[in-house]
Amino acid sequence: MKIAVFDDDRVGLVEEDLIYDVTAAVPDAGPEFPRVYMSRLIAQWDRRKADIEKARREARARPLSEVTLRAPNPFPLHVVAAPVNYRKHIGEIGARSVSGGASAVERGFFLKASSSVIGAGEAIRLPRGSTRRFDHESELAVVIGRQARNVPREQALSHVFGYCCLIDVTLRIEPGRFEEERVARKSFDTFTPVGPYIVTADEIGDPGDLANRLWVNDELRQDSRTSALILDVPGLIEWASSVMTLQPGDIIATGTPEGVGQFSPGDRVRMEIERVGSMTLPVVEDEDFAPRRF
C-alpha cells in the first residue's frame with residue numbers, strides 16, 4: 001500500500017498513476033495544529049486499516065499529476081538521522097567534514113526539526129542572498145509503526161510501518177567560518193523533503209539492498225545501494241531505541257552515500273529509491289527568509 005498526503009491535508013492511496021481520496025477514514029485529518037493525524041493513523045493502523053480499505057473502494061480515482069503531494073507525515077514527533085553511514089562518504093567533503101572519520105556506529109544519531117519536513121510536490125528553499133554552500137544528501141527513510149524502546153535488532157523490522165525517499169539538505173561548514181551544530185545546519189524550513197508517499201513495509205520486505213540514486217539537473221550525483229550502509233536499518237533502530245523511545249510516525253533518515261554535492265536556486269533535484277518511489281523538487285531562493293548569519 002502507498003499512502004500519501006496531498007493538497008490541503010487530504011489522505012490518499014496511490015495506485016500506479018492514480019490517487020484515491022480516503023480522508024473520510026481519517027476524521028482528524030486537517031490543517032489544525034498540531035497536524036498529527038498521520039502519526040495517529042499509523043499508531044492505530046491495525047484497527048483503522050479496514051476503514052481505509054473501505055474508503056478506497058468507495059473513492060473516485062484522480063490522476064496523481066493533478067494533486068500536490070505533501071509530506072506523507074506532516075508532523076512527525078521525531079526526525080532521527082544517521083551521520084556518515086556509508087563508508088565511501090567518509091572524508092569525501094574534506095575540510096568541511098565534522099565527523100573526523102567516525103561513522104554512525106561511533107557517533108550514533110542526531111535530530112532534525114520536524115518543521116523542516118516537506119513533501120514531494122513542494123520546493124527546497126535556500127536562504128536569499130546566502131554565500132554559504134548547501135548540499136543534497138539522498139537517503140532511505142524509515143517510518144516507525146509502533147512504540148520502540150530498547151528494541152534488539154532481531155525484532156527491529158517488526159516496528160517499521162513503511163519507507164519513503166528523503167533528501168537531507170545540509171548547510172556545510174566552511175573552514176575559517178562558523179561551525180554550526182548539525183541540527184542547526186539541517187533544520188531550515190524545507191530542508192527535509194520526504195515522499196512521495198509511504199510504502200508500507202509489507203511491500204518492501206527486507207530493505208537491505210535497495211538502489212539509492214540522486215540527480216541534479218539530470219546529472220547523476222549519487223548512486224549506491226542500501227547494502228553499503230555501515231549501520232543497517234535494524235541496527236539504526238536498535239541504536240536509536242536504546243537512547244530514546246521511538247513513536248509511531250517517527251522518521252529515521254538512514255544516511256547518505258558518496259556523491260554529495262552542492263546545489264543552488266534554479267536547480268532541480270531528483271532522487272529515487274528502488275521499489276519505494278521517486279521525487280523531483282525545484283530548488284528556489286527563499287524571499288521571506290534571509291538571515292544575516294547565513
Is [Y] close to [X] at the side-chain level, that is, under 4.5 Å between some pair of heavy atoms?
| X | Y | result |
| --- | --- | --- |
| Pro193 | Glu122 | no |
| Pro265 | Val284 | no |
| Val283 | Leu126 | yes |
| Trp239 | Val243 | yes |
| Val233 | Leu157 | yes |
| Asn85 | Leu236 | yes |
| Phe109 | Leu231 | no |
| Phe110 | Pro83 | yes |

For [Y], does its backbone N or O pair with a side-chain atom of [X] as donor and acceptor, under 3.5 Å?
| X | Y | answer |
| --- | --- | --- |
| Thr68 | Gly121 | no |
| Asp250 | Gln247 | yes |
| Ser39 | Gly249 | no |
| Arg221 | Val260 | no |
| Ser224 | Pro257 | no |
| Glu285 | Gly129 | yes |

Is there a path of hydrophobic side-chain contacts, each under 4.5 Å between heavy atoms of I/L/V/M/F/W/Y residues, joining [Y] to [X]?
| X | Y | result |
| --- | --- | --- |
| Val11 | Trp45 | yes |
| Phe191 | Val80 | yes |
| Ile251 | Val151 | no |
| Val117 | Ile124 | no |
| Val14 | Ile204 | yes |

If I compare all heavy atoms of [X] with all of [Y], which pair ends up nearest, and what's the gap?
| X | Y | result |
| --- | --- | --- |
| Tyr37 | Ala29 | CG-CA, 3.5 Å |
| Phe75 | Val36 | CD2-CG1, 3.7 Å |
| Asp209 | Ser227 | OD1-OG, 3.2 Å |
| Ile52 | Ala25 | CD1-CB, 3.8 Å |
| Val194 | Cys164 | CG1-CB, 3.7 Å |
| Ser278 | Pro196 | O-CG, 3.4 Å |

Atom pair [atom1]/[atom2] of [X] and [Y] - distance to nearest 0.5 Å:
| X | Y | atom1 | atom2 | answer |
| --- | --- | --- | --- | --- |
| Thr256 | Glu139 | OG1 | CD | 5.0 Å |
| Arg146 | Leu246 | CZ | CG | 12.0 Å |
| Asp286 | Arg125 | CG | CZ | 4.5 Å |
| Gln262 | Thr170 | CD | OG1 | 12.0 Å |
| Tyr163 | Ile252 | OH | CD1 | 10.0 Å |
| Lys186 | Ser116 | NZ | OG | 10.5 Å |

(request) Using only heavy-atom distances, determine whether the side chains of Thr226 and Asp232 contain a donor-acceptor pair under 3.5 Å. (result)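 There is no such pair between these side chains.
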
Considering residues, nucleotides and ligands other than [X], do more than 12 of their heavy atoms fall under 6.0 Å from its [atom1]?
| X | atom1 | value |
| --- | --- | --- |
| Glu58 | CD | yes |
| Asp218 | CG | no |
| Asp8 | CG | no |

(message) Under the criterion side-chain contact (heavy atoms from CB on, under 4.5 Å), I'd like the reasoning laid out for His136 against Gln222: C-alpha separation, chi angles, the key distance, then a yes or no.
(response) CA-CA 9 Å; His136 55 76; Gln222 296 184 266; 3.1 Å; yes

(message) One thing to verify: whether Arg128 and Glu287 come together as a salt bridge, which I'm taking to mean a side-chain N less than 4.0 angstrom from a carboxylate O.
(response)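 Yes, this pair counts.
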
(request) Evaluate the side-chain contact (heavy atoms from CB on, under 4.5 Å) criterion for residues Arg268 and Thr280: first the C-alpha distance (whole Å), next the side-chain angles of each, then the deciding distance (0.1 Å), finally the verdict. (result) CA-CA 7 Å; Arg268 293 187 69 82; Thr280 302; 3.7 Å; yes

(request) Output, in order, the C-alpha distance, side-chain angles, deciding distance and verdict of side-chain contact (heavy atoms from CB on, under 4.5 Å) for Val160 and Ile237. (result) CA-CA 9 Å; Val160 174; Ile237 294 172; 3.6 Å; yes

(request) Could you name each residue pair satisfying side chain to side chain donor-acceptor pair (under 3.5 Å) that touches residues 13-22, not counting sequence neighbours? (result)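 For residues 13-22: Arg10-Asp21, Glu15-Arg56, Asp21-Thr23.
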
(request) For side-chain contact (heavy atoms from CB on, under 4.5 Å), just list the numbers for Arg70 and Asp7, CA-CA rounded to whole Å, side-chain angles, deciding distance to a tenth of an Å, and then say yes or no. (result) CA-CA 7 Å; Arg70 308 297 184 183; Asp7 293 348; 5.7 Å; no

